[in-house]
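The structure appears below as structure tokens.
By convention in this document, chain letters (A, B, ...) are assigned in the order of the sequence lines, proteins followed by strands, and residues within each chain are numbered from 1. What you see below is based on every heavy atom in this structure, not just the backbone, and it leaves out hydrogens, waters and symmetry mates.
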Number of protein chains: 2
Amino acid sequence: MKALSIKDIALKANVSITTVSFIINGKAKEKSISDAVIKKVQQIIIDSGYKPNQIARSLRTGNSHIIGLIIEDISNSFFSRIARLIEDKAYKKGYKIIYSSTENNVEKAQDLINLFKSRNVDAYIISPIKGIEEDIQLLLNENKPVILFDRNLPELNTNYVGANHFAASYQAIESFIKQGKKNIALVTIDIDVQQIIERYEGYKKALIDYAIPVDEELVLKIPFNQPEVDTIKQIKQLFKAKKIDAVLFATNYLAISGLKVLKQINKKIDEHFAVIGYDDHEAFELHTPSVSTIQQPLEEIAETIIKLILNQLSSKTKLPDQQIIIPAKLILR
Amino acid sequence: MKALSIKDIALKANVSITTVSFIINGKAKEKSISDAVIKKVQQIIIDSGYKPNQIARSLRTGNSHIIGLIIEDISNSFFSRIARLIEDKAYKKGYKIIYSSTENNVEKAQDLINLFKSRNVDAYIISPIKGIEEDIQLLLNENKPVILFDRNLPELNTNYVGANHFAASYQAIESFIKQGKKNIALVTIDIDVQQIIERYEGYKKALIDYAIPVDEELVLKIPFNQPEVDTIKQIKQLFKAKKIDAVLFATNYLAISGLKVLKQINKKIDEHFAVIGYDDHEAFELHTPSVSTIQQPLEEIAETIIKLILNQLSSKTKLPDQQIIIPAKLILR
DNA sequence: TTGAATTACTAAAACGTTTTATTATATTTA
DNA sequence: TAAATATAATAAAACGTTTTAGTAATTCAA
């Protein structure tokens, strides 16, 4: 059973394909199609359940009413929550979202951009990685709206929405210091993306500002995509080797691994040992005791991204690029 | 800057479009194109960075090398993990996945099916809801492979992959009973999908088999999509109103809400009060004490789904439908 | 030496739309 | 009443591919 085409509808209604197309696209009035014909065709469309073939439409028009979302890893709750919010908001405006994960793999990211490009997506939302600058530049050359989020690629002239990781990280360390902590560790990852670097810079700056010596041995850089058991080993190692009274984790999954270590070595979070996580996670609030964290305002980020995209899509001229930095919040629990 | 088309390549190589197409699609030998021409054209393609337009390709061939994944809610870690696994495995076989959430909304689910259909996806992986039987039947009529997962729609003749929720739930309750529990509650949701009903049936059957009276007041059915504050209120209410010594939560997010209640009312999980969750969640293991749960073998489910799909896609004839039930595991912590 | 088979390649149709240009008729204007 | 305009509709091109049904030249078989 093949799907109906506009041809079938035209045949049934005894009018031309053109007429049907005008009616489908709401151009009937403008193209002075008579009310009688409009009604007849619409009724036939409803009765037959005809749905235009979007592929053909896309081939002809070059657009798709689809926004492509490229993220690091959909199974990370930060990304899956953002994805869900973006999806909701876009859907209400008549846009569909398709998303896929890069796993921080340059090749896969490029593949995805090409996939989306060859599917005529109207706009791109990308949490980028180093190495895909050229591919994104190609999109910009074709005048496709691109919003980077979570991480910026400063060499590209495009839109960016992200949290102020430097300030958030600074604030977290500052709060440790004000609690009297002196041996403050940072557990982060070893990928070279701006938002991760910022977290490190904030950490360092706070220590320097408060005249606490920076000990690089207190900074643990976990290889990205390493199996969790190894991460746990490394963190355990750090906790054993160094005298530490506070630790900031640079991502939520690192914090989760860290909490597992604490449980295994039976170390408590208390007045002698403080922990702050990054990107909220249900386990943080539920933990005994609850774990403080740096919270990115997901709703606001998603909202801002969609607003930027829709503005660009509805504007005939290229709008000026915007770099929107949204403050992250330190949630002390 | 417009993208290159096959026409441009043909022009550059001074051959016909047909020849280029044959070469791109690896049919050059079969169609007896000379090695010299093949080399020349391939070189031009590489040098120019030409990428075939998938939309046009799709319009012509009717397929897309894309598999559509329709799930309840991408921000639920059960689904986002499954999505990630499916994505990985499909990617290795040259298929891309596009996914979207239904939010248990019939209309949105239908929209998504139509979206995917009009995008010529080659196959569908759906965690379905009541009310979209007809839409799925239409896909089956068009001979598109459809794999239902997580929940079945028994009236449809198609493939299904899911865990044995009845047995898992039975087992959980049985373990409560063997610990001597008598007042066993079930916190579940009020949606009418098979996998949720099974969890309830397993609960009831275990009680009956062990001659424990079934008290419907110990079964709390939370409205789906209700704000979490209300859920927490309802659970708190249940815990206050009834004498309970064990509780099974039918989903991971209900368990999370339940754990929050326990924290709020300062009730401990101990020998007097046992909890089992559903679908693992990082917070369960990290919780003090760790929370037992019913674990679905995500990897195996994803693997099975992809295997079924690929089999169907590579087979010319329609393969017999398969209903694969994979045991879920009770993890006692 | 001729007809058949093989080799090397291509023209054109088809996929299902949108849109431009055009036609034919009816109505308005001067 | 003739010219201009408005109304109502359509034919055909275009989007970028794949694929069918060729053609022409060469090689092979008997």
Length of the CD1-P vector between B:Ile6 and C:dT10, whole Å: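 Rounding to the nearest Å, CD1 of B:Ile6 and P of C:dT10 are 12 Å apart.
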In whole Å, I'd like the distance from the NZ atom of A:Lys31 to the C1' atom of C:dA21.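 In whole Å, C:dA21 C1' and A:Lys31 NZ are 10 Å from each other.
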Side chain [X], main chain [Y], donor-acceptor under 3.5 Å:
| X | Y | value |
| --- | --- | --- |
| A:Asn120 | A:Ser64 | no |
| A:Thr61 | A:Arg57 | yes |
| B:Asp8 | B:Leu4 | no |

Taking all heavy atoms of B:Ser127 and all of B:Ile71, pick out the closest pair and write down the distance.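 B:Ser127 and B:Ile71 have their closest heavy atoms at OG-CA, 3.8 Å.
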Which atom of A:Tyr124 lies closest to which atom of A:Lys117, heavy atoms considered: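 Scanning both residues, the minimum pair turns out to be OH-CA, 3.1 Å.
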In residues 17-24 of chain A, which residues come under 4.0 Å of DNA chain C by heavy atom?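 Residues of residues 17-24 of chain A under 4.0 Å from DNA chain C: A:Ile17, A:Thr18, A:Ser21, A:Phe22.
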Which is it for A:Asp150 and A:Gln195 under the side chain to side chain donor-acceptor pair (under 3.5 Å) test, yes or no, and what are the steps along the way? CA-CA 7 Å; A:Asp150 188 42; A:Gln195 118 266 28; 3.1 Å; yes
Taking the six-membered ring for Trp, are A:Tyr99 and B:Tyr99 closer than 6.0 Å centroid to centroid?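 Distance test on ring centres: under 6.0 Å, yes.
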Going 5' to 3' on DNA chain D, which nucleotide is the first and which the last to come under 4.0 Å of a heavy atom in chain B?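 The footprint of chain B covers D:dG16 to D:dT20.
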Contact list for residues 75-86 of chain A, test salt bridge (Lys or Arg N to Asp or Glu O under 4.0 Å), sequence neighbours left out: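 Found A:Arg84-A:Asp88, A:Arg84-B:Asp73, A:Arg84-B:Glu103.
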Near DNA chain D, counting only heavy atoms under 4.0 Å, which residues of residues 39-59 of chain A show up?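 A:Leu59 - these, ordered by number, are the residues of the stretch whose heavy atoms sit under 4.0 Å from the strand.
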Test: A:Lys96 cationic atom under 6.0 Å from A:Tyr91 six-membered ring centre, within 45° of axis: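 Judged by the rule (NZ or CZ under 6.0 Å from the ring centre, within 45° of its axis), A:Lys96 is not positioned above A:Tyr91.
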Tell me whether the side-chain N/O atoms of B:Ser32 come closer than 4.0 Å to OP1 or OP2 in C:dA8.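 B:Ser32 to C:dA8 OP1/OP2: no side-chain N or O under 4.0 Å.
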Look for any protein N or O under 3.5 Å of an N or O in nucleotides 24-26 of chain C and output each such pair with its distance, or none.
none

Identify whether any heavy atom of B:Lys27 sits under 4.0 Å from a base atom; if not, whether one sits that close to sugar-phosphate; answer base, sugar-phosphate or nothing.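 Contact class for B:Lys27: sugar-phosphate only.
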side-chain contact (heavy atoms from CB on, under 4.5 Å) partners of B:Ile9, counting only residues at least two apart: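 side-chain contact (heavy atoms from CB on, under 4.5 Å) check on B:Ile9 returns B:Val20, B:Val41, B:Ile44, B:Ile45, B:Ser48, B:Tyr50.
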Pair A:Ser80-A:Ser77, side-chain donor/acceptor within less than 3.5 Å: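 No, A:Ser77 and A:Ser80 have no side-chain donor paired with an acceptor closer than 3.5 Å.
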Look at the rings of A:His65 and A:Tyr95 and say which category their plane angle falls in: under 30° parallel, 30 to 60° tilted, over 60° perpendicular.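 Aromatic pair A:His65/A:Tyr95 classed tilted.
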